[in-house]
Visitor: 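The following block contains the structure, expressed as structure tokens.
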Amino acid sequence: MAGALEGKAALITGGASGIGAACAVRFAQEGADVLLADLLPHRAADTVSAVEALGKRAMVVECDTSTEAANDAAAQACADEFGRLDVVVAAAGISNAEYVSGETTDLGDDRTASFITNQNVEHWEKVMAVNLTGVMMTDRSCARKMIELGNGGSIINIASIMAKFPQPGAANYCVSKAGVWMLTKVLAQELVQDGIRVNAIGPGFIETPMTAAISGNEELNQWVLSLTPMRRFGQPEEIAKVALFLASEEASYVTGEIIHPDGGWFTE
């Protein structure tokens with residue numbers, strides 16, 4: 001698929017690390033310039049260097065995706081810098097209310113702790129604000145800019161296997177990702193007349209800063225591996241390959257779908 005995104009511009013939220021960073025590098029390998037929108041933009045230096053080493057342009061903007069103004073500014077910055085906006089990857093997300101991008105949180109040994117009895121509403125609202133409302137606002141800001149530019153495009157939302165796999169103690173995360181999946185389907189129908197395809201990726205457990213607390217906990221690590229037929233965590237680059245497919249003309253007849261690169265969790 002060499003040169004699949006030649007001359008294109010991509011906006012990636014959560015682009016400083018993990019899946020977002022891997023998508024930025026993979027897209028640059030295929031010819032795209034990239035705008036990295038991240039809450040902690042100083043952490044994007046390595047990604048910028050990798051993109052520029054491939055001969056493509058990279059721009060970094062600070063972006064709290066839970067705010068409408070920040071998403072509007074990021075979409076405008078992409079259009080101003082590159083003259084276009086062709087691909088969006090909404091990868092910004094948090095695993096729990098205490099998680100900060102790039103930092104891990106001790107999840108403890110009891111993964112079945114009840115959300116209903118042990119967590120407060122503020123935790124629910126924080127996860128929803130970033131994982132669901134934030135994705136919606138990224139999609140909306142970028143779709144509006146795409147429509148204005150008139151070139152169509154591809155929006156890719158990062159959901160999770162937890163969109164379909166209920167996990168005790170993680171109601172906020174599971175519901176937020178299920179919401180991303182339904183949002184994807186609705187927007188796919190709304191934007192099809194504008195030449196914009198909208199799809200989702202529902203990864204399994206991927207080695208990123210957000211999952212470090214799981215892979216570093218022997219009990220949780222073994223729980224994940226026991227449910228993953230491939231018996232390993234995935235790599236961010238493996239998700240970026242799926243994103244590239246959805247971003248490219250290879251997926252020209254694909255919209256409103258979710259793909260699960262998950263090492264075999266789902267077999268239907």
Side-chain angles (χ1 to χ4, degrees), residues 1-38 44 46-60 74-75 78 82 84-93 135 138-139 142-143 146 151-161 163 180-181 184 187-188 191 195-208 210 230 233-263 266:
M1 204 184 290
L5 300 181
E6 192 65 45
K8 306 288 188 181
L11 185 157
I12 303 172
T13 68
S17 64
I19 291 172
C23 287
V25 175
R26 190 70 186 91
F27 288 3
Q29 289 172 338
E30 296 296 329
D33 296 317
V34 296
L35 182 142
L36 307 173
D38 200 278
D46 288 345
T47 306
V48 170
S49 295
V51 169
E52 291 178 342
L54 293 165
K56 305 310 297 184
R57 291 180 291 168
M59 180 182 183
V60 183
C78 188
F82 305 128
R84 57 191 305 128
L85 173 53
D86 304 285
V87 180
V88 177
V89 179
V135 169
T138 296
D139 289 356
C142 292
M146 286 175 165
N151 296 318
S154 173
I155 295 174
I156 303 159
N157 294 326
I158 303 301
S160 169
I161 52 171
V180 167
W181 169 214
T184 298
L187 293 186
L191 295 172
I196 300 171
R197 297 181 294 104
V198 188
N199 292 287
I201 300 175
F205 283 84
I206 310 301
E207 281 193 21
T208 68
M210 198 166 76
M230 285 191 176
F233 281 62
Q235 297 300 312
E237 292 77 13
E238 293 176 300
I239 309 306
K241 293 175 184 177
V242 179
L244 174 62
F245 165 69
L246 292 174
S248 76
E249 284 303 306
E250 297 295 318
S252 60
Y253 200 51
V254 181
T255 195
E257 297 293 341
I258 187 169
I259 299 177
H260 291 291
D262 58 18
F266 294 116

Visitor: Taking all heavy atoms of Phe82 and all of Leu35, pick out the closest pair and write down the distance.
Guide: CE1-N, 3.9 Å
Visitor: Are any side-chain N or O atoms of Glu30 and backbone N or O atoms of Ala4, one a donor and one an acceptor, separated by less than 3.5 Å?
Guide: yes
Visitor: When you check the gap from the basic side-chain N to the acidic O, do Glu237 and Lys241 get nearer than 4.0 Å?
Guide: no
Visitor: Just by modelled atom types, is the Ala16 backbone N or O under 3.5 Å from a matching donor or acceptor in the Asp38 side chain?
Guide: yes
Visitor: Could I get the full list of salt bridge (Lys or Arg N to Asp or Glu O under 4.0 Å) partners for Asp139, not counting sequence neighbours?
Guide: none
Visitor: Can you name the closest pair of heavy atoms from Met146 and Val88 and give their distance?
Guide: CE-CG2, 3.7 Å
Visitor: Please report the closest heavy-atom contact between Asn157 and Ala90, naming both atoms and the distance.
Guide: OD1-CB, 3.5 Å
Visitor: Restricting to non-hydrogen atoms, name the atom on Ile12 and the atom on Cys23 that form the minimum distance, rounded to 0.1 Å.
Guide: CD1-C, 3.9 Å
Visitor: Over all heavy atoms of both residues, which pair between Ala24 and Leu36 is shortest? Give the atoms and the distance, please.
Guide: CB-CD2, 3.5 Å
Visitor: At what distance, to the nearest 0.5 angstrom, does CG of Leu11 lie from OG1 of Thr138?
Guide: 7.5 Å
Visitor: Any heavy-atom pair between the side chains of Val51 and Phe27 that's under 4.5 Å?
Guide: no
Visitor: Kindly say whether Asp33 contributes a backbone atom to a donor-acceptor pair with the side chain of Lys56 at under 3.5 angstrom?
Guide: no
Visitor: Ignoring hydrogens and angles, tell me if any N or O in the side chain of Thr13 forms a donor-acceptor pair with the backbone of Ala91 under 3.5 Å.
Guide: yes
Visitor: Rounded to the nearest 0.5 Å, what's the gap from CD on Glu238 to CD1 on Ile19? Could you check?
Guide: 10.5 Å
Visitor: What is the distance from atom CE of Met59 to atom SG of Cys78, rounded to the nearest 0.5 Å?
Guide: 8.5 Å
Visitor: Test your reading of the model: is there a side-chain donor-acceptor pair from Asn199 to the backbone of Ile258, 3.5 Å cut-off?
Guide: no
Visitor: To the nearest 0.5 Å, what is the distance between CG (Leu5) and CD (Gln29)?
Guide: 11.0 Å
Visitor: For the CG atom of Leu246 and the OG1 atom of Thr255, what is their distance to the nearest 0.5 Å?
Guide: 9.5 Å
Visitor: If you round to the nearest 0.5 Å, how far is CZ of Arg26 from CG of Leu54?
Guide: 10.0 Å
Visitor: Could you tell me whether the side chain of Asp86 and the main chain of Ala9 form a donor-acceptor pair under 3.5 Å?
Guide: yes
Visitor: Looking only at non-hydrogen atoms, find the nearest pair between Ile206 and Pro236 and report the distance.
Guide: CG2-N, 3.5 Å
